[in-house]
Each structure stands twice: as structure tokens, then as C-alpha cells.
Amino acid sequence: MTDLPDPKQPARYDAAEAEPRWRARWKAESAFVAEVDSAKPKYYVLEMFPYPSGKIHIGHGRNYVMGDVVARFKRMSGFNVLHPFGWDAFGLPAENAAIERRVHPKAWTYENIATMKAQLEVLGLSLDWSREFATCDPSYYKHQQRLFLDFVQHGLAYRKESSVNWDPVEHTVLANEQVIDGRGWRSGALVEKKALTQWFFKITHFADELLNDLATLERWPEKVRTMQANWIGRSEGARFTFKLTATPGDIDEIEVFTTRPDTLFGAAFVAIAPDHPLAAAVAKTDPALRNFIAECQRVGTSEAAIETAEKMGFDIGVTAVHPFDPNWTLPVYVANFVLMEYGTGAIFGSPAGDQRDLDFARKYALPVKPVVLPPGADADTHRIDDVAYTGPGTTYNSRFLDGLETRDAIARAIAELEKLGVGHGVTQYRLRDWGVSRQRYWGCPIPIIHCEACGPVGVPLKDLPVTLPEDVPFDVPGNPLDRHPTWKNVACPTCGKPGRRETDTMDTFVDSSWYFARFADASPADRPTNVQATDYWLPVDQYIGGIEHAILHLLYARFFVRAMKVAGHLNLSEPFAGLFTQGMITHETYRDSDGRWLSPEEVERRDGIVFRKCTDRPVEVGPAEKMSKSKKNVVPPEEIADSYGVDCARWFLMSDSPPERDSEWTQSGVDGAARLVQRIWRLLNEALPHLAPVGARPGATDGATLALRRAVHRTTHELTQDLSQFRFNRGVARLYELVNTLGGFDATTPGAGAALREAYDTLALLIAPMMPHLAEEAWALLGHDRMIVHAEWPAADPVLVAHDEVTVAIQINGKRRDEITLRKDAPGPEVEAAVLAMESIARALNGARPKKVIVVPNRIVNVVV
RNA sequence: GCCCCAGUGGCGGAAUGGUAGACGCGACAGACUCAAAAUCUGUUGUCCGCAAGGGUGUGCUGGUUCGAGUCCGGCCUGGGGCACCA
């Protein structure tokens, strides 16, 4: 029996066959390799590069597909597009894998990269792979070491002491995420704070610039700019000193910072950080204070842990003299909520004007004297009970500040402090310098040699890169570089005497702070950047990544380009002209009865109950959460690619949810996308015999044919806007509407051949960014010789986009009562007359006389009675 | 604890201060079929009503406005970040 195709049942689109074929052609023609071309406008689109954690899941896919849709759309729109890819390859998980599975971090990382690259290729991304690198490649981190040395030279990197989370059992520094309820995640030991001398980048040098330039980032989400501004936290206030009545450890004063010097007459106490020098001095002779400080240090270094811990203080028995009254002394406390890193590590507490100070005062029975009278309040009756008044008002109970408004009182208080010579007005930032030292193996070595005679000396450029030794064991916790028998022993480059290598490596945020610049030209072996290439390609026109990077990564990158500019490696200040923060793909989570996470592949649903596959063990189903390896709620892209085709997955990822919001991966959504793919293919095949030849242009049309043309041009117009504005889900809806219109159009309509040609050509072009393989297949079937990746984005005809009639709702007192269809832009009086003549409106008015008729042209008519 | 964001049918969501629920999913009904799958057509916020029509409805609450999902105040719930996860 022969298998003749049924003319009524066109063959189904075979994605499994077509997709690899088109990817091979793109590759063969190097369709996505970018070259500098000054004749064309450039467009650099970049998705935040991934950490090679093992496998790509469809949640990553959303990020890359989004970027790819933009890249393909811009390429078709005439831009010279750069769309590179690489790997953020240093990091803690590789070391954890080494400890847990006895694989070397390097082997583990490069294997993961190979796996993930193969997965990515299936997604059909229009990437220029010729620029690929991993940050753990010595050919990349070599240049990072050079940048580090340049920063040292320009005073942008320096050493100072700061504290880390220390696991006293494992003798290891712990990351904040490895501290769980104050204990080490593996050892369970109570974590201690430990001071180490570490390297810092001087990001505070650019604090003002980083804050002010946020205003220039017009294509960044407002919320990200707000978050960064708050993070930098510029505040104006005063720094001044309290003289002490005793001088423990020869310390005779405390410098504090405050934004509210106007509340000084409400002061009840002075509080210092547990790691303040005065605390240490007093603790020498006070065992109880030593215990208190030790207790504070068990909280760990994270601000969240410190802020959520119960507020506690310890009176150190020293008093401080009020700067405005030598006869007024205040108790000095060590308090667990005062941070050494912020301001001066000391504050004064004015309980009536600060909630935390008030809680503290109530707890330790300190006086609460209100000094700011809220607007409208009465001085005789205004009381502070459990709620502090933190707003502005009129100063009272405050001697020479009495009667002044908050603003003036602040200025007057600062003037007084200056006159007395004990303080001055200052601008303070919450932003702290960036600590980059990590006591870990799998990171970029800090290219420094410590010499007893010369101090820290930079490794000479000719000796870069300082590479990681590979013969290291991971069965003992701690930093293998520090324990290595030979690696750290090296002669001082300056004097030749025996020296020690710096065994700390760099924070992995350093790696991701300049990779986008290296992508402009990843080839130079002798310098970090090819400035000609960076001048052409940078800044990144569209950067796409998760909102979780809104502050740290993006701020560090903004710092880095400024520092690189100082060192002569770049000519710009802002790395990312446009930013889009996409939401995450979520999926339910599954837990076995023993509490282990299970992947979606390991479970099955039977009669609505979820079981571990092939067993009777029920599985606990958790809510949809961010896809993450740790919770195993991931879906691999190959699974979808093999069954439905990757275009289907791409389409689903762009549909439904707005891209900035989280989106749940569901099977029914994938099914819907698969139906659309087949529907397009079927409609195209059915219409094909009726199409005019390639290049035919529709003449004058009317009726259904004109309506079809209008639909095509309107969709083109709207989709162009939607793609430009990252409204992919709306664009998807518009394309569904167009396909519905095509499905309802009779292809045998006389004289419709040219309009149909236009419609199907346009449809193929419009779906090309989201479903590139199907678009190529359709384009070829439509008789075009060149691939659609080289085709031009269609232009909408404004005449066909415009509507000549509009339907306007009619309200009476804001409630919709009827509607009326009028020609577009009909003048107000004409609309009003038409509306008032309507029988339904007359009935609804029931004889009442309209007081006012509001006519919003082409929108709405509201009759007010 | 602090900073930022979100909340709309059974579900994902749409809506320059101007017809709330586009589009998709699901459900229901019908067509085609011996039957099924696939496909196609229709209905689908909710309440009252045979219908015409009307009430009600965007987390809660108060306000601004001719008009509020949208703007403002106060809350509730969920999410992101908090400097060593990336």
C-alpha cells in the first residue's frame, strides 16, 4: 500500500526534522558572526551569562530566548547585531562538588560547559560563538589580574581589615548562605566573626557619580534605579565627637554620625558597634562585656541577620559628655545593631525621633524626651508612647533650637557643632567599599606577592597569568591554595628574597564585571580590551537578566567600567544603556518522604496524587518556585525540543506572562503552542496554491480582502511596537489574532492572490524572531531563495493601519449604558448630539436633564446628570 | 528589621485615568467520524431574569476625579535584594 499524502490533510510540520537542518545552515553560513561595520548602526544585545551549574533548564531558556528574539528582530530591522555568549565559570558550587563528589573543580566546570553548550545549541539561538570564553580560562583571568594591578596602581584597590564568618570546626570562611541560623551548614558549629586583612575595591570613590548617573539610564527599569540609589544611600548629616568621662585604652572620645543633629537635645544614650575600638578597650578589663561581644559576633556578618536579631545593648560604664552641655552626660552602650562599616560605627540615640532608639530606650529604661513637634500637634499634649515620630516638625524642648523647623534646626545644630570645633556637616554614603578577597580555590588568583621587606608587591605583567595549581586535594575543608606545599613559595619580584603568594582569590563578581567588554573583541592576548572594538560595540544596547542582580552585579559592573576608564582600558562610563530584568520561570517542587528534593522526571501524577515514579510512595508537592538545581524543579529544554520542537518552547516562553513577571511552566501551555505551530503550517499549505507569485503587490482591494490586508498591516504595526518594548506576551496575542484572521479568510476569494501572498510572507517574517526554524521552513515553502535570517522586517502601511470608524462607549454618571460607532475624530458637539438623540440614552436618562456631557474624542462619552 | 516590586475570571494574563477580562489554557455544547484522535464552530467573571435588561466585580480599606485595575494614604499576602550563592 502506498502512503499517498491526503490533499485535504497536509503533512504535519516535522520540527524534529526541520529544526536541526536550519541550524546547520545558519552555522554553515556563519549567519550570526558579527564584524565591525561602521556603515551600519550597531546593536549589542547580551543576556547575563550563566554559571555552568550542570545543565541548562527551561528557566534559563527564557532569558536567552528573550535576548534572541531581540537580536533577530534588530538584525531584520537593519542593525549590525552583536550577540555573544560565555560562562561565569568560577564559584563556590564547583568546590562543593569537589568536596562532595571528588571531582576537580576544573574538570567539573568544563564538563558542565560542554553539556550546557550542547543544550543551548538546540534552542536555536542566533549567537556569535566565535567570541565564547569562560571566566576560568587563564586567557581571560590573565587580563583580570592585569586590571587588578592597574586598580592598585590608581589607588582603586587597597587592603584593610574586615570580618568574615568563621567556622571554628572546619577552620573555613563561610559564605553568608552557608551560615544557617548562626551555624556552619556542614559542621553545625556556632559561627564566629573573624577579622582578616583583605583586598578592597574603592567603589566609594565613585559613589556620587554612580548615584547621579542613574538619571542617564533612561532605558533601565525605574525600580532598579531606585534600588541602586537606596543602596548607595547618600545622606547628609553631621559627624561630631562626644568626649568621654573616662579614657579606657587611651580613647577619650567617640565620633558619631547622624542625619538628625536637630534631635541632639533628645539624646538619651550613645551606642557603639561590638567591633568598635572602644568596645575592645573596655572588654580587656570587663569579662561580661567580652561575653556580650562574643554573643554579638555569633550572629554572623549579614545585615539581615543583624537587623532581625533582638536589639540588645550593654552599658560599658563609661559616660559621654553632651556636646552642647558639659554638665549633661549620656551612658555608652555596645549595641548589636550598630554596624562598624557604616558611618563611624557609633551613634547617639534620640528615642522620641527614631523607632529603634525608642525600643532600646524602653528596654533599658532610658529617658524619652520629645524634641520634634509634628505639624498641628500641641506641645502640652504631644506624647511619645510606643511609636516614635520620625518626620519633620517644629523643634522644642531644645534650648537654642526651639521654634526652628527641622530643616533649619539641622543647619543650626551643625553650625553650633562647627563653632564649638567638635564636628561638621558631612555627606555620608551607605555604600561600602567592595571586599574582593575570598579564601577559596576556584577563583581568579590575586596577583600579589607578599615580601617581608617590600610588603605586597604586584606580580610583573610578564609573569601573568598567575594560574591555579591543579594538584590540590579537596578532602580537607579550607583554602587549598594556602595549604599547597610549593605554589605559594615564590621570590619577591622587587628584591628577590623569598616571598609568599597571596592565597586569596577574587570574588566571582569581579569576573562578571567586565566580560561584556571582552566580548567586543575576545582575541587580544596582551591587553584586556581592544579599544577600537569596545568603542564600536559598547555600551551594551540591551542587557537582559534576572532582577536578583538589580543591585550588586549591575553596580559592580558600573564601577568597573569607570575604573577601567581611569586605567585606560575603556572610553565609557555606563556599561548597559538598556536593561531588562525578566521574571523567573517557576515550577512546583517535589519532596520525597525522607525530605529529599525530587525532579519532575522522578515523579508521576496518578489520579491527582503525585507519587515517586514506579513506586507507591506519595510525594509532597510544594508551590511553584524559581527553577533551581537545589530544589530539582527543573525542566530540561531537550525534552521539549525532541517532542514538540524548540520553536514551540520558544513561543510558549514568550507567551502568556509579561516578561518581567514570574511565569509557571505548564504542559497545557506547551500544548497550546504546539497547536499554533501546526495551525500555521496547515493554513500555509492550504493557501499556497492560491498565492500570487513572489514579489506580487496587492492593488486596490475591498471587502474581505481589504480587511485581511488591514489585519496584516495592523499586526505588523503592533508587533513592531510590542517587540521594541519587550511586550512579547502581547505580541504573541497579536499573532494569534492574525492567524485567526487568516484561518477565517476564504483563500479562493477572487482577486485575493496578491493579498494572500502579502499575508503569508508577512506572517513568516513576523514569527521569525520567536519561531525562527518554522519561519525558515515557511519562507522556503513560500518560494524565497535567501534565508529569512537575511530578510528585512516588514513595514506597516499607515493608511491600512489607521481606523476610519471608532466605537465609543456611552456612560451615564460613569456607568456604561450603551455604545455608538462614529467616524474617527468626529467633533465633540456632533458626538454629543448623536448620543443625546439615542433612544437607549433617552430611556436611561428617564427625563433627567444632563448637567454636563464629557466627550473624550474616540474614547468615551460620559453624560452627567 | 530595612529597601524594591507584585496582587484582575477556574488558570496565565490584556487594558495612554476612559467599554474590565484582548489573546491563550481549561471547561461545556455542537459539527466531521462507524468510532476515536486531529480539526472546525459556538458558549464561558458572577448574581437576578425565559428574555430584554439590570445588579455586582480588579487583595482589603479610605480618598482624589465626570470617570480609578490604573493616581494618593493606611493595611494584608506573596516575591526579589540586604554586600562571601550566582
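Keep in mind that the numbers below use all heavy atoms, side chains included, and drop hydrogens, waters and symmetry copies.
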OP1 or OP2 of A86(B) under 4.0 Å from side-chain N/O of Thr508(A): yes
Distance test, side-chain N/O of Asn740(A) to OP1/OP2 of G24(B), below 4.0 Å: yes
Selected nucleotide, minimal atom distance to [X] side chain, candidates [options]:
X         : options                : value
Ser302(A) : C23(B), A15(B), A83(B) : A83(B)
Phe509(A) : U19(B), A83(B), A86(B) : A86(B)
Thr807(A) : C84(B), C4(B), U19(B)  : U19(B)
Glu303(A) : C3(B), C82(B), A86(B)  : C82(B)
Asn176(A) : C84(B), G55(B), G80(B) : C84(B)
Gln439(A) : A86(B), C84(B), U19(B) : C84(B)
Tyr736(A) : C23(B), G80(B), G81(B) : C23(B)
Arg432(A) : A83(B), G80(B), G55(B) : A83(B)

Donor-acceptor contacts under 3.5 Å from residues 545-553 of chain A side chains, at least two apart:
| from | atom 1 | to | atom 2 | distance (Å) |
| --- | --- | --- | --- | --- |
| His553(A) | NE2 | Tyr543(A) | OH | 2.7 |

Pairing annotation in dot-bracket form, given for RNA chain B with Watson-Crick or G-U pairs under 3.5 Å and | for cross-strand partners: (((((((..(((.....[....)))((((((.......))))))((((....))))..(((((..]....))))))))))))....
Sequence neighbours excluded, which residues qualify as side chain to side chain contact (heavy atoms under 4.5 Å, CB included) partners of [X]?
X         : value
Glu664(A) : Thr586(A), Glu588(A), Ala624(A), Thr666(A)
Lys160(A) : Tyr158(A), Phe200(A)
Val739(A) : Leu676(A), Arg679(A), Ile680(A), Leu683(A), Leu763(A)

Give a yes or no answer on whether the side chain of [X] reaches the backbone of [Y] with a donor-acceptor pair at less than 3.5 Å.
X         : Y         : answer
Arg430(A) : Trp231(A) : yes
Arg440(A) : Leu92(A)  : no
Asn479(A) : Asp504(A) : no
Asp433(A) : Ile203(A) : yes
Thr135(A) : Ala89(A)  : yes

Tell me, please, which residues at least two apart from [X] pass salt bridge (Lys or Arg N to Asp or Glu O under 4.0 Å).
X         : result
Arg186(A) : Glu100(A), Glu170(A)
Asp671(A) : none
Arg714(A) : none

For a quick check of understanding: with a heavy-atom distance under 4.0 Å over all strands, which category does [X] fall into, base, sugar-phosphate or nothing?
X         : answer
Val173(A) : base
Gln198(A) : base
Glu737(A) : sugar-phosphate
His549(A) : base
Val164(A) : base
Ala304(A) : base
Ser437(A) : base

Does [X] get its side chain close enough to the base of [N], under 3.5 Å, for a donor-acceptor pair?
X         : N      : value
Arg440(A) : C84(B) : yes
Arg817(A) : U19(B) : no
Gln355(A) : C2(B)  : no

Rounding to an integer number of Å, can you tell me how far [X] [atom1] sits from [N] [atom2]?
X         : N      : atom1 : atom2 : answer
Asn685(A) : A38(B) : CG    : P     : 20 Å
Trp681(A) : A38(B) : CH2   : C1'   : 18 Å
Tyr644(A) : A38(B) : OH    : P     : 11 Å
Asp88(A)  : C85(B) : CG    : C1'   : 11 Å
Glu660(A) : G80(B) : CD    : C1'   : 14 Å
Leu735(A) : A22(B) : CG    : P     : 18 Å
Glu222(A) : C3(B)  : CD    : P     : 17 Å
Asp511(A) : C84(B) : CG    : P     : 14 Å

Side-chain heavy-atom pair Phe559(A), His205(A) within 4.5 angstrom cut-off: no
Residues, nucleotides or ligands: over 12 heavy atoms within 6.0 Å of Lys202(A) NZ: no
Nucleotides 5-13 of chain B: protein proximity per nucleotide (B base, S sugar-phosphate only, - neither; heavy atom, under 4.0 Å): SSS----BS
Annotated protein contacts, base or backbone, on nucleotides 61-73 of chain B with a non-hydrogen cut-off under 4.0 Å, one of B, S, - each: -----BS------
Test side chain to side chain contact (heavy atoms under 4.5 Å, CB included) applied to Ile306(A) and Asn336(A), step by step: CA-CA 7 Å; Ile306(A) 292 167; Asn336(A) 63 352; 5.8 Å; no
Plane angle bin for Tyr13(A) and Trp681(A) - parallel if under 30°, tilted between 30 and 60°, otherwise perpendicular: tilted
Sub-6.0 Å ring centroid separation between Phe652(A) and Tyr644(A): no
Qualifying residue for side-chain contact (heavy atoms from CB on, under 4.5 Å) with Asp359(A), from Arg362(A), Lys363(A), Gln355(A): Gln355(A)
Derivation and outcome, side chain to side chain donor-acceptor pair (under 3.5 Å), residues Trp442(A) and Thr109(A): CA-CA 10 Å; Trp442(A) 195 233; Thr109(A) 302; 3.2 Å; yes
Earlier contact from the 5' end, RNA chain B, for Thr308(A) and Val436(A): Thr308(A)
Interface residues of residues 90-98 of chain A with RNA chain B (non-hydrogen, below 4.0 angstrom): Gly91(A), Leu92(A)
Residues touching RNA chain B, which here means a heavy atom under 4.0 Å, drawn from residues 670-679 of chain A: Gly672(A), Arg675(A), Arg679(A)
G26(B), syn or anti by chi within 90 degrees of zero: anti
